[in-house]
Amino acid sequence: MKKLELHWRILIGMVLGLLFGFGMTFPDGGREIVQDWINPFGIIFVKLLKLIAIPLILASLIKGISDLKDISKFRRIGLRTIIIYVCTTVVAISIGLILVNILQPGEGISDETITKLTETYASDTGVVSKIEEASKQRERPLGFLEDMVPDNAIGAMSDNALMLQVIFFTIFLGISMLLIGEERARPLKQFFDALNYVVLKMVDLIMLTAPFAVFALLANVVASSGDPDLLYALLKYAGVVVLGLALMVFFYTLVVAFYTKKNAFWFLKEISPAQLLAFSTSSSAATLPVTMERVEEHIGVDKEVSSFVLPVGATINMDGTSLYQGVAAVFIAQALAFDLSLGDQLTIVGTALMASIGSAAVPGAGMVMLVIVLESIGFPSDKLAIGLALIFAVDRPLDMCRTIINVTGDATVSMVVAKSVGKLGKPRVEDWDDHYEKVK
Ligand code: ASP
């Protein structure tokens, strides 16, 4: 019998995880059982993905740059990538703002619901910590640039949150390797080439466990979710965000079909394992190794492009997050009767763009930067906690959805950049057991 394709196996794991998690909310102590005995397997899976993220960026970016042969190509790819990332993010925020202004999800929220949400979440540690984190980010306007340059390469590599520093160091190393000439750089290049193959093989091996891991991750999300009544109250707001995200997927498929001339359904099918993992882990950083493997081996984007576009995208390009920030900011303003002018809405476009660049690629990061977006439109700081409390109940499911878009956006842009420099080729899939017969 032909083995089910990976995305189906992951999807089945997800559905079973959702059902199991839901079932475990009924018996006494069920939630704790999921937390203590099921959730660790999901955590281990996410740890494994994060474990290989830094070696993968290092090896693949060096391989990518040293394959380039001349630096001007890198400049071309770099510039195009950043410009296209900014454009897709602006499209995303605009879609979000148009929808939230037309559909007005904040108008229907009753005072009673606002009071209930405020009482439940305004002093929740989750909300309070997000406001504190945002204030740290705000104090240094050029902090983002400053933080990009490491003062210790090993230090940067020891912390996944410092991914941009690793990218900076690796590009510096790769370009210097080009400058010493092919002959002298060869041993180093061979080392990183081999490391790159090894890490991609690790991705294949980790993915063998993905269907079980997503079961654990989703069972835990459902079993630890809050009061369902509050979730229903926010259904319209959540619906607007999800509709916006769905329109973004449509936008990507148009770009893929018209610009790269590839079948959009094929693209979605090939990238789907990364999307499903983005949904299950809520982290584009954790999903990065899988996104890279899918884009290179299953879609045919050359490493010269993907090795730069994808890690950079995982950290700075967050279309889903910025769309959500636009919708959430206006929703909060509508619900709390805070008037927004057209100028305020344009300010949201600018700050949500910067905020999505500055957001970390981890669960819940988008909400931290939302604080900065709200402040940029003069939202009173004493009401921030109430504002965040309004959307906190549905943040996790929306985080899962917006992370899918963040990852899909990166993959789409990598195809566009690859096509524009003639580097979108034929996919060459490698399975985990290609050489297994020889070594078993
Ligand atoms: N979880 C998102 C990501 O990792 C960021 C966010 O929107 O909170 O891409």
Side-chain angles (χ1 to χ4, degrees), residues 42-43 45-47 49-50 53 57 85 88-89 92-93 95-96 126-127 129-131 133-134 137 144 160-164 167 214 217-218 220-221 237-238 240-242 244-245 248-249 252 271 274-292 295 309-329 331-332 348 351-374 388 391-414:
I43 295 180
F45 176 75
V46 173
K47 277 184 159 180
L49 287 173
K50 288 184 175 169
I57 294 176
Y85 275 155
T88 57
T89 306
I93 306 170
I95 290 180
V127 167
S129 70
K130 292 206 157 52
I131 295 177
E133 256 181 75
Q137 305 253 7
F144 164 69
N160 278 5
L162 301 178
M163 208 123 100
L164 272 184
I167 294 171
V214 293
L217 287 165
L218 288 189
N220 187 55
V221 167
Y237 154 70
V240 173
V241 176
V242 172
L245 297 177
M248 268 321 274
V249 175
Y252 296 139
I271 197 68
Q275 292 175 319
L276 296 175
L277 282 197
F279 182 79
S280 309
T281 61
S282 278
S283 168
S284 17
T287 312
L288 178 64
V290 182
T291 318
M292 288 185 91
V295 163
V309 178
L310 293 176
V312 169
T315 36
I316 73 164
N317 180 53
M318 300 202 180
D319 297 343
T321 301
S322 53
L323 185 147
Y324 144 87
Q325 282 164 341
V327 176
F331 166 76
I332 291 171
I348 294 180
T351 38
L353 173 64
M354 295 313 291
S356 84
I357 293 176
S359 296
V362 296
M367 215 171 158
V368 173
M369 296 313 245
L370 175 64
V371 174
I372 295 178
V373 176
L374 282 171
L388 292 199
I391 54 166
F392 195 69
V394 283
D395 194 59
R396 178 68 194 207
L398 291 185
D399 192 1
M400 296 161 79
C401 298
R402 63 192 190 238
T403 309
I404 299 183
I405 304 305
N406 292 346
V407 166
T408 313
D410 297 343
T412 307
V413 174
S414 75

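Only this structure's heavy atoms are used, side chains among them; waters, hydrogens and symmetry mates stay out. Note that ligands are numbered from 1 as they come in the structure, with each ligand's atoms numbered from 1 the same way.
- Interface of T321 with ligand 1, defined as ligand atoms under 4.0 Å from a residue heavy atom, comprises 5 (C), 6 (C), 7 (O).
- At least one donor-acceptor pair under 3.5 Å links the side chain of Q325 to the backbone N or O of G366.
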CA sep, side-chain torsions, deciding dist, call: L277, L49, side chain to side chain contact (heavy atoms under 4.5 Å, CB included):
CA-CA 10 Å; L277 282 197; L49 287 173; 4.1 Å; yes

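- One finds the CZ atom of F45 at 12.0 Å from the NZ atom of K50 (value rounded to the nearest 0.5 Å).
- Taking a cut-off of under 4.0 Å to the non-hydrogen atoms of S283, the atoms of ligand 1 that pass are 4 (O).
- With N220 contributing its side chain and G42 its backbone, the two residues share no donor-acceptor pair below 3.5 Å.
- The shortest N or O to N or O distance between A285 and ligand 1 is not below 3.5 Å.
- When only non-hydrogen protein atoms are considered, atom 1 (N) of ligand 1 lies nearest to D399 OD1, 2.7 Å.
- With a heavy-atom cut-off of 4.0 Å, V407 does not touch ligand 1 at all.
- Here the closest non-hydrogen pair linking M163 and T315 is CB-CG2, 3.8 Å.
- Judged by distance alone, the side chains of S356 and N317 never bring a donor and an acceptor atom under 3.5 Å apart.
- Listed by number with element, the atoms of ligand 1 under 4.0 Å from a non-hydrogen atom of R402 are 6 (C), 7 (O), 8 (O).
- For the pair G366 and ligand 1, the shortest N or O to N or O distance falls below 3.5 Å.
- Between atom 4 (O) of ligand 1 and the options C401, S284, G320, the minimum heavy-atom separation is to S284.
- The atoms of ligand 1 that sit less than 4.0 Å from any heavy atom of G364 are 8 (O).
- Ligand 1 has no nitrogen or oxygen under 3.5 angstrom from a nitrogen or oxygen of M367.
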Which is it for Y252 and D319 under the side-chain hydrogen bond (donor to acceptor under 3.5 Å, both in side chains) test, yes or no, and what are the steps along the way?
CA-CA 11 Å; Y252 296 139; D319 297 343; 2.6 Å; yes

